[in-house]
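This report concerns only the one structure given below.
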Amino acid sequence: MSRRASGEYVIAFDADDTLWHNEPLFADTQAQFRELLAPYHDADYISRMLYDVEMRNLRLFGYGIKGFTLSMIETAIELTEGRISGHEIGRIIESARAMMQAPTRLLDDAQNVVATLGARYRLMLITKGDLFDQEAKLARSGLAEYFRHVEIVSEKTPITYRRILEQHAIAPEHFLMVGNSPRSDILPVLAIGGSAVYIPYHMLWLHEQIDPPPPQAGLYELRRLAELPDLITRIWG
């Protein structure tokens, strides 16, 4: 049974590359992976094959470092026709361990923006990825105290957002999502009648790359996270 939606305004944030840096970590690890397999294939081919394996495995392993690591190992076995050594597999695992233990590096102004908005509005964090990894990054970020609710999901679709809003009794017209991915953070929210703020990040995973959404009601675009509080004031007062 659905709960009655409240009139309270709610701001939800994506995590990776919206509040803290994430994609550069994957890019650096992929560069190490290409170097490892350089004796077997050229860099572009290695990258294409890894992406194909990741896409093939998404429905099984989901998003995050663990699924990415399994895809790297599978790709290495395929591209070397099984000649990859145990030592080289160990290097892939070590690179994954380094990713899991990397510090959470906040984007400029993330702390101030979340603290400022958290004093006025109900905040949520809605992110894709591995539960353990995302919880650990949030704990290391120092931002956890500002979020009333944290949702770590396998996909961000209109169905996912509708479920979250219903679960927390949020009216779509009182909901605003902030993120860097049109595919995951913007279009699905607009589709259910919510608002969205698109803040591009300088890197975006190929799977998330689509054409930017056209101007429309409920859609806002900013250059920097620091501009968000002023925008919210103009929208909601």
Side-chain angles (χ1 to χ4, degrees), residues 13-38 43 46-47 49-51 53-77 79-80 84-115 123-147 149-156 178-181 184-185 199 201-208 225:
F13 287 86
D14 172 51
D16 295 335
D17 300 322
T18 297
L19 294 176
W20 54 68
H21 300 279
N22 180 68
E23 189 59 26
L25 192 63
F26 281 82
D28 289 346
T29 301
Q30 287 188 61
Q32 296 171 28
F33 182 70
R34 289 192 295 269
E35 182 179 351
L36 178 69
L37 295 185
I46 294 168
S47 294
M49 288 299 296
L50 175 57
Y51 179 75
V53 173
E54 285 185 274
M55 293 303 98
R56 189 170 73 212
N57 287 338
L58 264 185
R59 65 183 181 85
L60 298 174
F61 303 148
Y63 298 91
I65 294 171
K66 294 174 186 174
F68 175 61
T69 304
L70 289 171
S71 291
M72 282 195 294
I73 293 172
E74 182 177 343
T75 303
I77 293 171
L79 290 183
T80 65
I84 190 80
S85 69
H87 173 72
E88 290 167 321
I89 295 293
R91 287 178 58 185
I92 295 173
I93 294 171
E94 283 301 316
S95 67
R97 184 175 287 112
M99 292 178 73
M100 296 290 290
Q101 296 174 338
T104 303
R105 297 191 302 116
L106 295 180
L107 271 69
D108 291 343
D109 302 303
Q111 178 87 35
N112 290 336
V113 167
V114 171
L123 301 188
M124 303 181 69
L125 189 75
I126 304 178
T127 183
K128 291 189 300 189
D130 175 77
L131 177 63
F132 179 84
D133 183 34
Q134 295 298 73
E135 286 181 337
K137 285 192 286 189
L138 177 59
R140 293 194 300 265
S141 74
L143 301 180
E145 64 180 289
Y146 300 110
F147 294 104
H149 311 289
V150 175
E151 296 283 347
I152 300 172
V153 299
S154 57
E155 284 288 359
K156 288 179 173 177
V178 181
N180 71 297
S181 169
S184 295
D185 305 318
I199 307 179
Y201 187 75
H202 69 278
M203 301 176 71
L204 187 64
W205 184 30
L206 181 60
H207 179 62
E208 296 288 342
L225 191 61

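This structure is a prediction, so every number in the text was calculated from the model and none was measured.
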Between the side chain of [X] and the main-chain N/O of [Y], is any donor-acceptor distance below 3.5 Å?
{"X": "Arg140", "Y": "Ala102", "value": "yes"}
{"X": "Lys66", "Y": "Asp133", "value": "no"}
{"X": "Glu54", "Y": "Phe68", "value": "no"}

What distance do [X] atom [atom1] and [Y] atom [atom2] have between them, rounded to the nearest 0.5 Å?
{"X": "Lys137", "Y": "Leu19", "atom1": "NZ", "atom2": "CG", "answer": "11.0 Å"}
{"X": "Asp16", "Y": "Thr127", "atom1": "CG", "atom2": "OG1", "answer": "4.5 Å"}
{"X": "Thr80", "Y": "Leu37", "atom1": "OG1", "atom2": "CG", "answer": "7.0 Å"}
{"X": "Tyr51", "Y": "Leu206", "atom1": "OH", "atom2": "CG", "answer": "4.0 Å"}
{"X": "Ile199", "Y": "Asp14", "atom1": "CD1", "atom2": "CG", "answer": "10.0 Å"}

What I want to check is whether the side chains of Gln32 and Ser95 have a donor and an acceptor closer together than 3.5 Å.
no

Any side-chain donor paired with an acceptor under 3.5 Å for Ser184 and Glu208?
yes

Contact summary for [X] and [Y], nearest pair of heavy atoms:
{"X": "Ile152", "Y": "Gln134", "result": "CD1-CB, 3.7 Å"}
{"X": "Val113", "Y": "Leu225", "result": "CG2-O, 3.5 Å"}
{"X": "Pro24", "Y": "Asp17", "result": "CD-OD1, 4.1 Å"}

Does Arg56, at its CZ atom, have more than 12 non-hydrogen atoms belonging to other residues, nucleotides or ligands within less than 6.0 Å?
yes

Does Glu88 have more than 12 heavy atoms from other residues, nucleotides or ligands lying within 6.0 Å of its CD?
yes

Salt bridge check, Glu94 against Arg97: does any charged N sit closer than 4.0 Å to a carboxylate O?
yes

